[in-house]
Every structure is written in C-alpha cells, then in structure tokens.
Amino acid sequence: MEEHVDVLMGIILPYANFAIFLGLAIFFFRKPAAAAARKRREQFEKLMAEATSARDQAISKLNELKQREKSIENELEAIKSASLASAEQEAAKIIADAEKLATHLRTEASRIAAAEVAKARSELRREIVDTVTASVRDKLKSDLSTEAQTRIVGQKIDELKHVSAQG
C-alpha cells in the first residue's frame, strides 16, 4: 500500500493541488478579470467610437474644403472673366476715343489748311494787284499824258477791285 500512497502522493496529489488552486484562482479572479476585460473592451470601444467620429469629422472637413476650393476656383474664373471683359471694354473705349480725336484733328487740320490757303491766296492777289497797279502806273506815267493816265488808271483799278472781290 505504500506504493499506492507514493503514487497518490507523488503523482496525483500535486495535480489535485494544482487543480484546486486553479479552481480557486478562477473562482476568485474571474469577476475582477471579467470586469477588467469588460472595462478594457469598453475603453477600446470608446476609442473606436472616437476614432470613427474623428474620421467622419475629417472626411466632412475634407469635403467642405474641396467644395470651398471649387467655389474659390469658380469665383477666380468669374473674376478673370469680368476683368478680361472690363479690359476689353476699356480698350474699345480708348480706341473709339482715339478715333474720334483723330477725326477731329484731321477736320481741324483741313479747316486750318483751307484757311491758310485762302489767306495766302488773298495776300497773293493783293500783292499781285499792288504790283500790277504800281507797274501800270509807272508805265502810264512814262508813255501817256496825264489825262489819259488818270482815265486808264481809274479803269484798271476798278477792274482789279472787281477781280479781287470775285476771288
């Protein structure tokens, strides 16, 4: 029987002690371990919810920024178009004003040139009349008698005045 006790004490008893210890450990540590695991799980779920919320907020912010970027690009295009249209209108106005000024300057130059030509003609006619009158007077003085000279000079002066008034 001793052998039987040795086997019992040597092989079975340590396993039985271990099983009892394990059973008691499970019995006493099951609730705290389950509570710790539950707490850890709740923390993990809370972190996952926060991460999901942060991800959703980031996606929302990204979409908002993309929409803002598109609206800014559209606004920039509108500003470019408006600026280009304004510049084209301003250029057209400047060109129209320049053409009006050029037309006015041409008209004024033509009017001034015509006035100068008329003045030059008038002066030239007067000089011709004066020269012819002096020439005729000198010729008549040398060739004709005083009475004939007076009569001819009067006729020529009247003719010249008549020609001068026509031109």
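Numbers here are sequence positions counted from 1.
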Quick one: pull up [atom1] in [X] and [atom2] in [Y] and give me the separation to the nearest 0.5 Å.
X: I79; Y: I72; atom1: CD1; atom2: CD1; result: 10.0 Å
X: R126; Y: T131; atom1: CZ; atom2: OG1; result: 10.0 Å
X: S81; Y: L76; atom1: OG; atom2: CG; result: 9.5 Å
X: E69; Y: L62; atom1: CD; atom2: CG; result: 10.0 Å
X: K39; Y: K46; atom1: NZ; atom2: NZ; result: 11.0 Å
X: Q43; Y: E50; atom1: CD; atom2: CD; result: 10.5 Å

- Message: Quick check on the hydrophobic clustering: are F18 and F27 connected, directly or via other members, by side-chain heavy-atom contacts under 4.5 Å?
- Response: no

Whether [X] side chain and [Y] backbone form a donor-acceptor pair below 3.5 Å:
X: T52; Y: M48; value: yes
X: S86; Y: S83; value: no
X: S122; Y: A118; value: no
X: S53; Y: A49; value: no

Quick one: list whatever passes side-chain hydrogen bond (donor to acceptor under 3.5 Å, both in side chains) with E45, sequence neighbours left out.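 If we apply the side-chain hydrogen bond (donor to acceptor under 3.5 Å, both in side chains) test to E45, skipping adjacent residues, the hits are R41.
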
For Q67, the side-chain hydrogen bond (donor to acceptor under 3.5 Å, both in side chains) test, sequence neighbours excluded, returns none

*asked:* For Q57 and K61: C-alpha separation, side-chain torsions, deciding distance, then whether side-chain contact (heavy atoms from CB on, under 4.5 Å) applies.
replied: CA-CA 6 Å; Q57 286 178 351; K61 191 70 168 176; over 6 Å; no

Less than 4.0 angstrom from a charged side-chain N to a carboxylate O is my criterion; do E108 and R111 meet it?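 R111 and E108: salt-bridged.
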
